[in-house]
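This report refers to the structure that appears directly beneath it.
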There are 2 protein chains.
Amino acid sequence: MSKQTNTLQRFIKHRAKYGLKSSDKRTFVVDFFIKAGRHFTVEELYNEIKKQKSGISYSTVYRALKLLKQWDLANESMFGDSITRYEPVDKSEHHDHLVCQECGRIIEFENGKIEKLQYDVAQQYGFTVSAHRLELYGLCRKCKKKVRRP
Amino acid sequence: MSKQTNTLQRFIKHRAKYGLKSSDKRTFVVDFFIKAGRHFTVEELYNEIKKQKSGISYSTVYRALKLLKQWDLANESMFGDSITRYEPVDKSEHHDHLVCQECGRIIEFENGKIEKLQYDVAQQYGFTVSAHRLELYGLCRKCKKKVRRP
DNA sequence: TCAATTATGAAAATGAATTTCAATTTCATC
DNA sequence: GATGAAATTGAAATTCATTTTCATAATTGA
Ligand SMILES: [Mn+2]
Ligand SMILES: [Mn+2]
Ligand SMILES: [Zn+2]
Ligand SMILES: [Zn+2]
């Protein structure tokens, strides 16, 4: 079972648990978002969905993302431009982000050593960590080449 | 020369460079903020200033912080609650944050090893880092005790 | 089918931040 | 000290992303 399928199934489980109904529109939004498996702003998601299916409003997109977030099936990030981005969550993995300030590309990475050191730092301050956020901002490989080109 | 004095002098230099004028109100806001040397929301800063001096509007506080940010004399952070916080910048040092989700306390730390590993990760992806953000969210020592108390 | 309840879209409301604009203040020059 | 050009200010208006409202439509279990 792919991780997307798993996330979808968890959505359906939560939906049932809270007595919510299954509508075509919400289902389309959730499916599309989870299957895409990448970061979206609400606007981006709305526009890409509109290409494939008409008659889905911003409200519905906002509401679907809100549910996904509530149920830990989506992560919310703000990469310093006051535009919220969402990405589907694969419960089994964590990752941090490299954000290109030129083209907006988002690269994901995991680094166990960094995570361990974070834990150590927290301990030094008697602090219990329940979540963290690590983002590196700069220039991706492609943009570096462009910027340097005379 | 204290770091606060240095930051203030840099403010004055920038102000001159751009032909801006010296007003009592802006001066008070900037002085207060830099001398406090800690994180503020705009509302917090506005309210604390009001205690000491009357007749300074939100606009003036917002505008002062905007200048400080532009001139790299203040950092802007959003610790996941969609409230922007500002802190004066000491150009010579960098630090990351531990954020208590219970009481809002913000602890600052530096860790050279983490910074080095971040740089290594970026290199792996051909990425040039110009800034980063690392925040650890959880419970501070005090709040941990409180929460556990029956 | 029939309720009861949830979902939906359009419009209104919200809230932080910015902008506008008329009035005030600063400051270099006289 | 007076003058005037330019910056500053406060209050109100505006912006923009997001949330809420509310009337209508769709879903679901009986
Ligand atoms: Mn990601
Ligand atoms: Mn800090
Ligand atoms: Zn790029
Ligand atoms: Zn605390």
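Everything numeric here is computed off the predicted structure, so don't read it as measured data.
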Quiz item: Given that B/Glu76 and B/Leu20 both sit by DNA chain C, which one's nearest nucleotide is further toward the 5' end?
Solution: B/Glu76
Practice problem: Provide, to the nearest angstrom, the distance between the CE atom belonging to A/Met78 and the P atom belonging to C/dA17. | Solution: 10 Å
What protein N or O atoms touch nucleotides 14-16 of chain D N or O atoms at under 3.5 angstrom, if any, and at what distances?
none

Quiz item: What residues in residues 23-54 of chain B put a non-hydrogen atom under 4.0 Å from any atom of DNA chain D?
Solution: B/Ser23, B/Lys25, B/Arg26
Quiz item: Of all the nucleotides listed (D/dA5, D/dG10, C/dG9), which has the minimum atom distance to the side chain of B/Lys21?
Solution: D/dA5
Donor-acceptor list for residues 15-31 of chain B side chains, cut-off 3.5 Å, not counting sequence neighbours:
| from | atom 1 | to | atom 2 | distance (Å) |
| --- | --- | --- | --- | --- |
| B/Ser23 | OG | B/Arg26 | N | 3.2 |
| B/Lys25 | NZ | B/Gly55 | O | 3.1 |
| B/Thr27 | OG1 | B/Ser23 | O | 2.6 |

Quiz item: Does any residue of residues 61-70 of chain B have a heavy atom under 4.0 Å from DNA chain C, and if so, which ones, in number order?
Solution: B/Tyr62, B/Arg63, B/Lys66
Quiz item: To the nearest angstrom, how far is B/Ile56 atom CD1 from D/dT9 atom P?
Solution: 9 Å
Practice problem: Would you mind checking if B/Glu135 and B/Arg85 are paired as a salt bridge, meaning a charged N to carboxylate O distance below 4.0 Å? | Solution: no
Quiz item: Going by atom types alone, do A/Glu110 and A/His95 pair a side-chain donor with an acceptor below 3.5 Å?
Solution: no
Exercise. Answer yes if the side chains of A/Gln70 and A/His14 hold a donor-acceptor pair under 3.5 Å, and no otherwise.
Key: no
Quiz item: For the side chain of A/Lys144 and the backbone of B/Gly126, is there at least one donor-acceptor N/O pair under 3.5 Å apart?
Solution: yes
Practice problem: Round to the nearest Å and state the distance from B/Tyr58 atom OH to C/dT19 atom C1'. | Solution: 18 Å
Exercise. Taking atom OH of A/Tyr119 as the centre, report whether more than 12 heavy atoms of other residues, nucleotides or ligands fall under 6.0 Å from it.
Key: no
Quiz item: In chain order, what residues pass the ring pair (Phe, Tyr, Trp, His ring centres under 6.0 Å) check against B/Tyr137, with sequence neighbours excluded?
Solution: none
Quiz item: Would you call A/Gln101 and B/Ser130 a side-chain contact if the rule is heavy atoms closer than 4.5 Å?
Solution: yes
Name each donor-acceptor pair under 3.5 Å that joins a side chain in residues 59-69 of chain A to protein atoms two or more places apart or in another chain, with its distance.
| from | atom 1 | to | atom 2 | distance (Å) |
| --- | --- | --- | --- | --- |
| A/Thr60 | OG1 | A/Ser57 | OG | 3.4 |
| A/Lys69 | NZ | A/Glu76 | OE2 | 2.8 |

Practice problem: Round to the nearest Å and state the distance from B/Arg85 atom CZ to C/dA17 atom P. | Solution: 11 Å
Quiz prompt | First encountered from the 5' end of DNA chain D, between B/Tyr18 and B/Gly55 | solution = B/Tyr18
Exercise. Would you tell me if any nitrogen or oxygen in the side chain of A/Thr84 comes within less than 4.0 Å of OP1 or OP2 on D/dT18?
Key: yes
Quiz item: Is atom NZ of A/Lys53 surrounded by more than 12 heavy atoms (other residues, nucleotides or ligands) closer than 6.0 Å?
Solution: yes
Quiz item: So which one's nearest nucleotide on DNA chain C is more toward 5', A/Gly19 or A/Thr60?
Solution: A/Gly19
Self-check item: Nearest non-hydrogen partners of A/Gln4 and A/Lys35, listed with the distance
Solution: NE2-O, 3.8 Å
Quiz item: Which nucleotide, D/dA12, C/dG9, C/dC27, lies nearest any side-chain atom of B/Ser59?
Solution: D/dA12
